[in-house]
Amino acid sequence: MAGCSVTFWGGIEMADLTSWTGLREAVADYLGRDDLTERIPTFIALAERRMNRELRLRVMERRAETDVQAGQSAVPLPWRRQAGNWDVFLEMRDLTFAGNDGQTANLFYLPPDTYGQRRPAGRPEGYTIIGRDLFLLPAPDAAGRLYLTYFAEIEPLGPQQPDNPTLLAFPDLYLYGALVESGPFTRGSAPLELWTQYYAAARQKAEAGEQRARFTANLTMRPTRRI
């Protein structure tokens with residue numbers, strides 16, 4: 001495809017997997033079928049939906065904060081669907097309420113049916129999520145500030161979003177994910193089982209890398225040698 005940068009390896013021209021254009025070109029090369037070219041953006045979009053369901057990566061983490069007034073229980077969750085400025089809430093990692101008195105507390109999740117239980121206002125202890133809003137339980141009796149740490153949707157690739165952190169960090173997930181999603185159209189003419197195995201292996205490696213990055217390995221400390 002015109003304008004797509006390439007990498008040369010052993011004299012072989014390879015697609016650049018760090019861009020929307022390069023990814024489309026790579027998927028087309030693997031498929032080897034001109035009749036599916038126009039469907040490749042759909043395969044990529046379906047792969048993104050799969051990754052949003054299955055993966056929780058550091059590149060998907062976001063932080064946000066907002067003021068909460070006394071008596072306010074409902075707070076809208078991040079939900080901005082704008083190309084190049086995407087921020088759609090997927091899953092909460094941590095929610096902290098900081099009162100104006102300087103005290104803070106990590107809030108714990110409660111099922112939605114608890115929201116209907118009558119309770120007096122006070123310092124929030126928990127929260128629930130209904131639709132696109134989170135609800136503080138109980139509603140605060142004084143103003144404060146909420147600090148959210150959450151997982152957000154992967155920014156969908158497209159002409160206005162030529163790359164994203166997930167593609168830059170895990171291009172193999174994108175490539176094999178898109179190839180797996182092409183399965184209903186290839187109908188046995190492509191190695192779908194092999195691509196599925198490659199996607200599963202790429203996912204496993206990504207998740208293992210995330211674990212190593214989040215948690216320090218246990219190290220045996222040795223006494224310092226004196227000279």
Please lay out, stage by stage, how Asp163 and Thr18 fare under the test side-chain contact (heavy atoms from CB on, under 4.5 Å). CA-CA 7 Å; Asp163 61 36; Thr18 63; 6.0 Å; no
Residues Ser73, Tyr115; criterion side-chain hydrogen bond (donor to acceptor under 3.5 Å, both in side chains); working and verdict: CA-CA 10 Å; Ser73 60; Tyr115 179 67; 3.3 Å; yes
As a quick check of understanding, evaluate salt bridge (Lys or Arg N to Asp or Glu O under 4.0 Å) for Asp101 and Arg123, giving each step before the final call. CA-CA 11 Å; Asp101 57 4; Arg123 180 176 294 275; 2.5 Å; yes
Leu148/Arg63 under side-chain contact (heavy atoms from CB on, under 4.5 Å): CA gap, chis, key distance, verdict: CA-CA 6 Å; Leu148 296 81; Arg63 286 275 293 167; over 6 Å; no
Show your reasoning for whether side-chain contact (heavy atoms from CB on, under 4.5 Å) applies to Val75 and Thr66. CA-CA 9 Å; Val75 179; Thr66 184; 3.9 Å; yes
As a quick check of understanding, evaluate ring pair (Phe, Tyr, Trp, His ring centres under 6.0 Å) for Tyr127 and Tyr109, giving each step before the final call. CA-CA 5 Å; Tyr127 72 96; Tyr109 176 79; 5.6 Å; yes
Please test Leu175 against Tyr30 for side-chain contact (heavy atoms from CB on, under 4.5 Å), starting from the C-alpha separation and ending with a verdict. CA-CA 9 Å; Leu175 174 61; Tyr30 274 71; 3.9 Å; yes
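A side-chain donor from one of Trp86 and Glu153 sits under 3.5 Å from a side-chain acceptor of the other. If you check the side chains of Gln197 and Tyr176, you find no donor sitting under 3.5 Å from an acceptor. With 3.5 Å as the limit, one finds a donor-acceptor pair spanning the side chains of Asp94 and Thr96.
Rounding to the nearest 0.5 angstrom, the gap separating the CD atom in Gln69 from the CG atom in Asp67 is 6.5 Å. With rounding to the nearest 0.5 Å, the separation of CZ in Arg53 from CG in Leu90 is 11.5 Å. Note that CG of Leu134 and CG of Leu77 are 5.0 Å apart. Values are rounded to the nearest 0.5 Å.
The two residues Val180 and Tyr199 have their closest heavy-atom pair at CG2-CB, 4.2 Å. When every heavy atom of Tyr147 is checked against every heavy atom of Arg145, the shortest pair comes out as OH-CD, 3.4 Å. Across Ser19 and Leu167, no two heavy atoms sit closer than the pair N-CD2, 3.7 Å. Taking both residues in full, the closest heavy atoms of Val88 and Arg80 are given as CG2-O, 3.7 Å, listed atom of the first, atom of the second, then distance. The nearest pair of heavy atoms linking Asn52 to Ile154 is OD1-N, 2.9 Å. Scanning both residues, Pro120 and Pro138, for their nearest heavy atoms gives O-CB, 3.3 Å.
Among the candidates Leu31, Leu194, Ile40, Thr186, the single residue satisfying the side chain to side chain contact (heavy atoms under 4.5 Å, CB included) test with Leu179 is Leu31.
Between the side chain of Thr196 and the backbone N or O of Leu192 there is at least one donor-acceptor pair closer than 3.5 Å. The backbone N or O of Ala74 sits less than 3.5 Å from a side-chain atom of Gln72, completing a donor-acceptor pair. Distance alone, capped at 3.5 Å, places no donor-acceptor pair between the Glu91 side chain and the Phe151 backbone. A donor-acceptor distance shorter than 3.5 angstrom exists from the side chain of Glu210 to the backbone of Arg58, with no hydrogens or angles considered. At least one donor-acceptor pair closer than 3.5 Å links the side chain of Asn164 to the backbone N or O of Glu155.
If you chain together hydrophobic residues whose side chains sit under 4.5 Å apart, Phe135 and Leu146 never meet in one group. When hydrophobic clusters are built by joining Ile, Leu, Val, Met, Phe, Trp and Tyr residues whose side-chain heavy atoms come closer than 4.5 Å, directly or via intermediates, Val68 is grouped together with Met92. Under a hydrophobic-cluster definition in which Ile, Leu, Val, Met, Phe, Trp and Tyr are linked whenever side-chain heavy atoms come within less than 4.5 Å, directly or via other members, Leu173 and Tyr198 are assigned to the same cluster. Cluster annotation: Phe97 is connected to Ile129 through the hydrophobic network of ILVMFWY side chains, with a link wherever side-chain heavy atoms come within less than 4.5 Å. Using a 4.5 Å cut-off between side-chain heavy atoms of Ile, Leu, Val, Met, Phe, Trp and Tyr, with links allowed through other members, Phe108 and Ile130 fall into the same hydrophobic cluster.
Around atom CD of Glu54, more than 12 heavy atoms belonging to other residues, nucleotides or ligands sit under 6.0 Å away. Applying the 6.0 Å contact sphere to CD of Glu38 captures no more than 12 heavy atoms from other residues, nucleotides or ligands. Around atom CG of Asn85, more than 12 heavy atoms belonging to other residues, nucleotides or ligands sit under 6.0 Å away. Heavy-atom neighbours of Arg62 CZ from other residues, nucleotides or ligands within 6.0 Å: above the threshold of 12. Within 6.0 Å of CD on Gln204 lie no more than 12 heavy atoms contributed by other residues, nucleotides or ligands.
At a threshold of 4.5 Å between non-hydrogen side-chain atoms, the residues Trp20 and Ile44 count as touching.
Ion pairing between Asp29 and Arg24 fails under the 4.0 Å rule for side-chain N and carboxylate O.
Ring pair Phe185/Phe43 is tilted by interplanar angle, where 30° to 60° counts as tilted.
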